[in-house]
Amino acid sequence: MIFNEPVFVAFLVIVFALYWLPFTRNGAHKHPVLLAASYVFYGWWDWRYLGLIIFCSLVAFYCGLAIHRAANERQRKGYLLFSIVVPLAVLVVFKYYDFFVYSLLELGQDLGLTLHLHTLQVLLPVGISFYTFQALSYTTDIYRREIKPTDQLVTFLAFKAFFPQLVAGPIERAPHFLPQIEARRPFSYANAVHGCRLMLTGAFKKMVVADRLAPLVDDIFSQQETFGGLFNLVGVVFFALQIYCDFSGYSDIARGVAKLFNLDLVVNFDRPYAARSLREFWSRWHISLSTWFRDYVYIPLGGNRNGWARHVRNLLITFLLSGLWHGANWTFVFWGALHGGFLIVERLAKGGLGRLPGAMQWAITMVVVLVGWVFFRADNIGHAWAYLGRMMEHGPDLIHQLHRLTRPNEISPLSVLLSGLFGFAVLVAERLTARPGFSAWFEQRPVVRRLSYASLVALVLLFGVFADQSAFIYFQF
Amino acid sequence: MGRFLRNIAISLGLLLVLASVLDAVMTRVFRNGHTTKAQWIHNMHGQHYDLAIIGSSRAWWNIDMSTMDTACGLRTVNLANNHYSGREVYLNLAMFLANGNTADRILLQIDHYILTAETDGFTSTIYEFLPYLHDSVVEARLAGRSMEWDAMRYIPLWRYVKCNFMWGPEQFITTVTRHRPTLFDSTGTYFSHSNFHGSDQLYMKATNHRLDEDLANVIAMCRERGIRLECFTTPYLNLRGAPEVIAAPARIVAGTGLTLHDFSDRIPGKENYNDTQHLSIAGGKVFTRMLIDEVICPEQVQ
């Protein structure tokens with residue numbers, strides 16, 4: 001079940017009704033309702049993998065209690081280690097094992113060695129990277145004595161599996177989210193209305209921008225050699241818009257759905273393409289993941305302390321792991337390395353880059369981000385280099401290329417133009433709404449507000465992609 | 001909570017009213033368009049043809065009906081279209097006949113792909129018929145087939161929302177302003193000017209071939225009206241696959257008692273194709289000549 005399917009709307013109406021109906025005076029039914037709904041939501045994809053998420057949740061729950069109750073530091077460390085190793089092992093087996101085997105086989109082939117290794121060929125469980133990371137942070141926070149564990153199993157399971165954020169984040173951490181679940185907050189009209197607005201903007205980003213751009217991007221990336229440099233550049237710019245609108249659209253819908261239950265998920269995106277440095281980009285892009293890596297990998301490694309060499313090492317390790325987190329492919333590793341490497345360059349040239357005009361800083365950052373997206377989107381490293389190389393070449397005439405792009409997809413050139421314009425409109429609208437005082441201005445003008453949302457509804461209905469509910473890109477991670 | 005539910009109900013009510021109005025307006029405009037094959041056929045009334053070709057893109061691309069008309073002294077029409085499976089072939093022919101049009105002879109394209117097509121899922125180009133969902137021919141074929149079709153019939157605007165890539169605002173405006181491009185000529189033929197692209201090798205994967213309900217209905221409809229029905233297979237480039245897969249169309253057509261004109265391996269050379277399955281302009285000329293000489297009017301040629 002995905003957010004842009006009609007069945008999800010029906011599911012949400014049922015869960016909303018069951019959650020808010022006063023079955024119990026103290027709201028004791030709310031956690032079982034949320035838990036059951038979350039497992040139905042996840043099981044809809046493949047019920048067999050429900051066992052995995054339940055297993056990881058139980059390990060985190062009991063290890064959390066054990067760490068808290070442990071008699072000495074050695075026991076605490078032991079339980080922490082167990083709580084880290086088990087979910088990581090699950091992650092490695094399901095996500096990375098085959099990748100490592102294939103890489104070893106390729107290496108062996110290059111070296112003239114015959115290796116006898118077997119792959120598992122298992123289906124990657126949706127959202128596994130998200131819920132394992134959530135489990136890791138829970139026990140680590142307890143170990144660090146930043147939070148106390150809950151002893152309410154159903155509450156904890158509902159926190160771990162809360163369906164809006166289960167398969168593609170944001171990665172919710174216990175200090176922020178568990179108290180909200182435990183509190184069984186009453187209904188909030190303001191939050192529910194805000195939630196509906198977020199769901200609407202998320203649907204616009206996903207269905208009107210990301211899904212309309214997807215076939216064009218797929219076509220350009222799969223046949224880059226038949227397009228000229230300009231169209232290959234268009235392809236990567238479209239992909240930048242697609243992945244942003246796809247993922248931030250998902251996050252918006254997830255936050256919006258959570259608000260219907262008066263629960264607040266963390267903000268995951270803050271206009272990343274406005275960043276003037278890569279450091280700023282990572283404080284605006286997939287914030288729940290970047291802060292996770294900062295708090296649980298980069299800082300424990302030593303962060304920027306202990307000298308320049310250690311600092312460089314820590315940055316590179318963090319970004320290589322971050323790349324690998326995104327997928328079992330060397331393209332993601334390279335993408336992580338590219339970002340990590342440029343962050344180091346940025347810090348080396350701190351004074352120099354900082355003195356450049358703002359537009360220049362932005363342009364340099366966007367070039368790095370776009371080159372990174374080529375690796376992120378490419379099938380393999382060779383494909384990425386070929387794509388980048390093709391971007392530098394002159395191709396066939398523009399009309400011919402536009403014909404090549406639109407014909408197989410049976411879409412008109414006007415439709416291509418509109419899809420791109422909608423994408424840029426999202427960026428412009430986000431810039432406008434981020435201005436100080438905009439919210440107050442907007443709230444004080446009900447006609448403007450209602451017209452804006454009515455227009456969004458109309459745009460989603462008339463221009464959204466409904467025919468083939470494509471999954472959100474970040475589900476695969 | 002009450003306020004929230006009231007506002008949601010009001011919003012949905014307004015949306016329903018707006019959707020009903022838009023559905024009515026869009027249906028009226030789209031039904032009167034002439035640019036898609038279904039629109040063209042829907043607006044064709046009382047025409048008589050000596051010969052009609054029905055089938056999918058392979059029976060549509062670059063087969064020159066005007067040349068046939070000149071060579072054989074006939075009036076012909078091409079009712080085939082891209083991505084058509086048996087269901088769309090049936091619907092096109094049923095609409096054509098229901099409008100009082102007639103044909104003495106029909107050539108039905110039969111091949112591996114059309115004999116393995118899905119019938120009831122929301123695939124292929126069945127969405128071409130959405131403006132006609134409440135017409136008796138289309139309704140009889142699609143009603144009750146799946147919840148999806150029922151949703152399209154009863155939820156205002158949903159059919160155009162779901163398929164806005166074909167029936168969206170852009171198409172609405174271009175239909176109203178008569179700027180929506182038509183891909184075919186007055187005989188219904190599409191001339192593609194593309195160069196060869198894609199793989200050189202056509203591989204037919206092994207599946208269970210069957211004469212589905214729709215193709216059986218096409219045969220029955222023709223028999224009922226005394227239309228002379230024959231089948232044909234269009235040429236392919238570098239045909240490969242298991243022998244039983246390649247032989248399946250002939251075996252299935254033999255079971256119906258119809259004649260099959262098999263051209264599947266008759267035209268070699270990449271220059272004759274846009275891709276492994278679709279003839280180019282040059283290949284279309286060769287194939288049109290073959291059809292004229294061997295199928296449509298061999299007696300005149302001799």
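In what follows, every chain begins at residue 1, and chains take the letters A, B, ... in the order their sequences are listed.
- No part of B:L14 comes within reach of chain A, as not one of its non-hydrogen atoms sits under 4.5 angstrom from that chain.
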- [ ] Determine, stepwise, if the pair A:V193 / B:N7 fulfils side-chain contact (heavy atoms from CB on, under 4.5 Å).
- [x] CA-CA 10 Å; A:V193 169; B:N7 285 347; 5.7 Å; no

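- Summarising the local packing, NE2 of B:H134 is surrounded by more than 12 heavy atoms from other residues, nucleotides or ligands at distances under 6.0 Å.
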- [ ] Just do the side-chain contact (heavy atoms from CB on, under 4.5 Å) check on B:N164 and A:L462 with the steps written out, would you?
- [x] CA-CA 6 Å; B:N164 56 16; A:L462 296 174; 5.5 Å; no

Task: Check against side-chain contact (heavy atoms from CB on, under 4.5 Å), B:S11 and A:V457 - done: CA-CA 11 Å; B:S11 305; A:V457 170; over 6 Å; no

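- Counting heavy atoms of neighbouring residues, nucleotides and ligands inside a 6.0 Å radius, atom CH2 of A:W44 does not exceed 12 of them.
- Taking the six-membered ring where the residue is Trp, B:W158 and A:F466 present perpendicular rings, their angle passing 60° and hence far from 30°.
- A:F463 touches chain B through backbone and side chain together, each having a heavy atom under 4.5 Å away.
- Neither the backbone nor the side chain of A:L459 has a heavy atom closer than 4.5 Å to any heavy atom of chain B.
- A distance of 5.0 Å separates CZ in B:F4 from CZ in A:F16, rounded to the nearest 0.5 Å.
- Interface remark: B:L18 contributes no atoms to any contact with chain A (heavy atom separation under 4.5 Å).
- Within a 6.0 Å sphere centred on CZ of A:R445, other residues, nucleotides and ligands contribute more than 12 heavy atoms.
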